[in-house]
Each structure stands twice: as structure tokens, then as C-alpha cells.
Amino acid sequence: MPPTPDRPGPPPPEAVAPLMRGIAVLRGLTDADGTLSLSELERATGLARSTVDRITSTLARTGYVRLEGRTVTLAPRLMELGNAYLASIRLPGLLGGAVDALAGELDESVSLAVPDGTGIRFVHQATRRRAMSLSFRIGDLLPAERTAPGTLFAAGWDEREWAAWHARRAADPDGTGYPSLPRRPGHGDDTFEERVSRARATAHALDDQLIEPGLVALSVPVRGPDGATLCALSVVSHTSRHSAKALGERLLPRLRRAASAMEDRLRDTPPARPALPPGTGAPATLAAASKQELGREFIESLARGLSAVTAFDGATAPLTLSDVARSTGLSRASARRALITLEHLGYVTAEGREHRLTPRVLALGYPPLSRTTLARIAEPHLAALAGRIQDSASLAVLVEDSVQYIARAATHRIMNVNITVGTRFPAYATSLGRVLLADLAPARLNTVLAHAELRPLAPHTLTHRNALEAVLDRVRAEGHALVDEELEAGLRSLAVPVRDRAGTVVAAINVAMHSSSRTVEECLGQVLPRLRRTAGDIEADLHTAARFAGVAVA
């Protein structure tokens, strides 16, 4: 059987073996939905336990995984690899808003997909919230024959691509190479070429329950200025709402108009920059520092190899070897070997001196991480903070005129602040609430306070609106709130905001304690700096995760 991206054949002599093994670990974790024990990773990859230990130690140091005892979990920072690919193709950034608007108009899930060999990957999703939710994860790989987008892309295949499809089908008739796919062995194969021929003639394709019973989809191509199909625009529904035929009859004209508007946007957007601006060289510097600190447990060539992927972030034109070396701070020899390895594994494609990332980069953790929530992002950071200061830490959001706890890390003290996830308290009397209220626009704040009942909950509760508004002004200016025995006698808490990529406060974190454990001055001098650092760590992960994927806040 000829080599394929999943079975690429023997590596070239210049390939970086530690980089290949590190990618195998990331792929194993991705296929297992993001979490495996060290022993399970050993079995999944076929690597020696000592090798798995060194790789996971290196990936943990780079922030790409978390180690909790013997368990390894993908971390949000890993999404920077997939983000580099998504930024380089520009499609989510240029067309994502139109996809979201179309989903709202049609009240159906809408997506963008790109080809990846004989399969497809989703690069943008706009889903509808209902009991029967229909969506795929960004980065999920699906076989062309079981999707409407794949049928469209196959309409442009040449003999070599058809040969690759037949070889893949012969090698994997049951679809075991698609872990995100419901098992339906051989389903859709017998009609695929017929459907491709029809799609070539009609410029649209239907998925009539090819993925799983009940799911239907309609796809049309979105072409670039040169006429080549860049991606497929799809609407996904369920047979309880539409048959495949009715979906096509009702929505095809609207979908085509949307695709035409997207093509206009792509045509009117200025061309990509010719090259990446000079980088800082930070990846190579950080890798060298980590190697010096951790010694044998840190695999510098793995960290450097992965940094070559991030060099493409912001590069909307192909990069040369010199571009990658300059951006990462790697030597030309190291950058060359990294690119050779990534090309061998199918993550980079090269034409002459020019290199591009391929959609396969999304296979490095993006599907499971693209469904993360703010609570999941915050939990390990809250646990680390609570462990350092030996007091409970929480994350909360504003719900009407209350705060609702959505994540929490408690301590094991005998006297502890006992609050559970889901608990609500009046916002006006809590440090979390005051941080959240302070960021509201004046009209919204006026509405919230007008409906709030400012009643005494403890001896020092502020119950006068003018006094509360003055406190909120101070919170807004200082960037933190300290509440002392206003919610409950003996309870003191300190909170800071958590901001999204636009700078809007979407949540707040706090530390709560008994008033006898620390003075106010000790809270401000000892706890506040650590609380701010924790908020910064949460924000960094949130900004990475939310760049091209939705992150549920509550």
C-alpha cells in the first residue's frame, strides 16, 4: 500500500525522532478525548514508559499538557498550534461572523469545512442551542464519502487523489481511523462516486443520514478569487425538522447567496502579506532555559520542533525556512529539520522554498479542547492558588443581580468557607459581584441596581445605593474588590476580574477566608498579587481557547 499521511512510510534521515514521538503522544491524547494515564499513553503509542515520562514532562513545561499524578490532560495552550493554522488560512477570521449570522437567521447549525486528504475538517462552527444539538468539533476529521463537504471536494479530485481514497478505503473499511465518527462500516461507499458526479454538475451536495441516522446536511462551495474551492459552507439539521430533500429545496438558494457574499468578502480583502515579520526568538530561548533547568527530563528538540508550527501564526502567506528560523529563534539547521519532520508527518506542505501548514495541525488537540468551558480552564489555576495560600478560591459570573459560582477549589482546613458550584449570592454584597458590577455599562448597572433589594445580610452590609456606587467606582479604578463581613459575619473576601479577548469582564475570581486568618493589609499585600497572577493565567488560556472556538462562560 502506498504511504499516506497517517502511514507516511520511513522517515527521512533528517527527521527529528523526539518530535515524531511527541506528536504521537499528542495524537494519542486527542484520540482519547484529551485525557489518558501514563500507562494508557504507553500502550496507545507503543513508546517506552521512560520516553512517555520525558515527553509528557516536556509538554507540561511548555504548557501543552497538565500532569496530575499519573494522569495527563491536554491544556488550552496547546490550541495555539491549531490557532496558527486557522490564522494562516484566514477563513474563520474573515467569514466566521457571516456564518454565525446565517445560523441565527436559519435557526440551524452552520459550519465551514476544508479538505484534508481524503477527508474533511471543520474550521468554524455556529451551533444552535436546543435539546437535539447538531454539531461537530472544530478540527474533527471525517471521511469524504460520509459528508456533504467531502462530496463537494471530491468533485475536484484528480487520479492521484482518487487512488489515495481507494487505498484508504481498502486499508480501513470500517473507518477505525476516524475516532470522532459513529461506526457505520462502509456506509456511503457504494454511492460516493455517483454523488460526486451529481455534485460536480449541480455545485451542491446533500448528506442524507450518512454520518448517523437522523442527521442531514446541505453544502455549497465557497471559492477564492482564482475560482478554486477554498471551503464548504454547510447547514446541518435533523430529520425531525427537515428531510434531506426539503432541506435542499428550502435552504439552497439562501446558502448560495451567503456563499456568494463570502466570495465577495474574500475577493475584496487585501492580499496576504508576503512574509512573516521578524520574530522575537522567544521559543528557542525558553526551550534552552527549560533544558538548563530540567536537564534530561526536558526534550529540547521536541519543544523547538513544535515551536516551528507557531511561527506560522499571523503568516497569511507561505513561509521560507529563513522566516521560520527568524520567528522562532531556531538555527537554520534546527528549523530545517523540524520542517522536514512536520512535512513527513503531513502537518506542513512545501512547494519549493515555501511552506504552509495543513489542516492536519488541528489533529493536535483541537477537537477536544474546542469544547472547553471557562470553568474547566479556571479549575487547575484555582486549585494551584488555593494550594499556595491555603484558602478557598472561586470563579463566578453575574446572573441578573446575583453572582453564581461556576468553579471552585476548596482547602482542607477544619474551618473552611463552604460554598458549592451553582450557589448564588446577591452581587452587591460580595467581592465577586462588585468586580462584575463595576464593569457594567451605566445603563445596565442602573437596571441591575434598580431591581436589587439592598437589604442587610450581615453587620456591615452596604444597603445605600449611593454608598454602593461610590464603592463600585473605587473597584473600577483599583481593579479589585475587598468585602469584609458584608455577606456573613466573619467572612472576608478579595476578588479580581477575568477579562475576555476584547477586555470585557466575563467573570471574577476570589479568595474567601475567615476574617481572623489575615488582616486586610495582609490580604492586599500577600493575597492580591497572587490573585492577579492567577487571573492572568486564566485569561491567557481563555484568550487562546476563544480565538477561533466558542468558550462557554456559564
Side-chain angles (χ1 to χ4, degrees), residues 18-82 137-140 179-180 287 290 293-299 302-303 305-306 362-390 392-395 405-412 420-421 509 533-534 537-538 540-542 544-545 549 551-552:
L19 176 57
M20 296 177 65
R21 291 192 284 265
I23 285 176
V25 166
L26 291 175
R27 289 294 297 268
L29 286 165
T30 302
D31 291 347
D33 214 30
T35 300
L36 285 175
S37 69
L38 290 167
S39 297
E40 289 169 334
L41 262 178
E42 183 182 358
R43 290 192 294 271
T45 60
L47 298 172
R49 176 58 181 270
S50 59
T51 301
V52 170
D53 287 345
R54 292 182 65 211
I55 288 172
T56 53
S57 175
T58 300
L59 294 173
R61 182 55 178 248
T62 62
Y64 289 164
V65 304
R66 291 197 309 272
L67 290 174
E68 299 167 346
R70 296 177 181 271
T71 301
V72 187
T73 302
L74 296 177
R77 187 177 175 186
L78 179 63
M79 294 177 75
E80 71 181 18
L81 302 182
R137 301 174 303 181
I138 295 176
D140 271 336
S180 63
S290 296
E293 181 180 342
L294 298 180
R296 188 178 180 278
E297 294 306 304
F298 186 83
I299 308 174
L302 169 57
L306 292 176
L362 296 174
L364 302 179
Y366 219 90
L369 290 170
S370 69
R371 290 288 179 85
T372 195
T373 65
L374 179 56
R376 277 189 211 157
I377 289 172
E379 281 165 357
H381 299 293
L382 295 176
L385 175 63
R388 285 192 297 268
I389 65 176
Q390 291 302 299
S392 60
S394 305
L395 174 80
Y405 287 74
I406 61 172
R408 181 163 169 77
T411 61
H412 298 287
T420 59
V421 170
I509 61 171
R533 282 195 296 273
T534 300
D537 292 340
I538 294 171
D541 281 351
L542 173 61
T544 298
V551 174

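These figures come from a predicted structure and were not determined experimentally. Reckoned from all heavy atoms, side chains included, excluding hydrogens, waters and symmetry mates. We're numbering straight along the sequence, starting at 1.
Remark: the backbone N or O of I299 is paired with a side-chain donor or acceptor of T58 at under 3.5 angstrom. Side chain of S392 to backbone of A410: no donor-acceptor contact under 3.5 angstrom is found. Of the possible donor and acceptor atoms, none in the side chain of R137 sits under 3.5 Å from a partner among the backbone N and O of Y366. R77 places no side-chain N or O within 3.5 Å of a backbone atom of T544 that could act as its donor or acceptor partner.
Between atom CZ of residue R533 and atom NE2 of residue H381 there is a gap of 14.0 Å, rounded to the nearest 0.5 Å. Note: T56 OG1 to L67 CG = 5.0 Å, rounded to the nearest 0.5 Å. Note that CG of L59 is 6.5 Å distant from CG of L306, once rounded to the nearest 0.5 Å. With rounding to the nearest 0.5 Å, the separation of CG in L302 from CZ in R54 is 10.0 Å. To the nearest 0.5 Å, atoms CZ (R296) and OG (S57) are separated by 11.0 Å. If you take CZ on R21 and OG1 on T45, they are separated by 10.5 Å, rounding to the nearest 0.5 Å.
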Self-check item: Step-by-step salt bridge (charged side-chain N to carboxylate O under 4.0 Å, His left out) determination, D541 to R376
Solution: CA-CA 10 Å; D541 281 351; R376 277 189 211 157; over 6 Å; no
Report the C-alpha separation of D53 and R49 in whole Å, then their side-chain angles, then the decisive distance to 0.1 Å, and conclude whether the salt bridge (charged side-chain N to carboxylate O under 4.0 Å, His left out) test is met. CA-CA 6 Å; D53 287 345; R49 176 58 181 270; 3.0 Å; yes
>> Could you go through R27 and L364, starting from their C-alpha distance and side-chain angles, then the distance that decides it, and tell me whether this counts as side chain to side chain contact (heavy atoms under 4.5 Å, CB included)?
In response: CA-CA 6 Å; R27 289 294 297 268; L364 302 179; 3.9 Å; yes
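In plain terms, the two heavy atoms of A386 and T411 that are nearest each other are O-CG2, 4.0 Å. Between T62 and A303 the shortest heavy-atom distance is CG2-CB, 4.1 Å. Annotation for P76 and I377: closest pair CG-CG1, 4.0 Å, computed over non-hydrogen atoms. Among all heavy-atom pairs drawn from V25 and I55, the shortest one is CG2-CG2, 3.8 Å. Across every non-hydrogen atom of L29 and L36, the tightest pair is CD2-N, 3.7 Å. Residues L362 and G139 come closest through the heavy atom pair CB-CA, 3.7 Å.
In this structure, L374 and L542 have side chains that are in contact, with non-hydrogen atoms separated by less than 4.5 Å. Looking only at side-chain heavy atoms (C-beta outward), T30 and P368 come within less than 4.5 Å of each other.
Salt bridge annotation for R371-D33: absent, with no cationic side-chain nitrogen under 4.0 angstrom from a carboxylate oxygen.
Within a 6.0 Å radius of CZ in R70, other residues, nucleotides and ligands contribute 12 heavy atoms or fewer.
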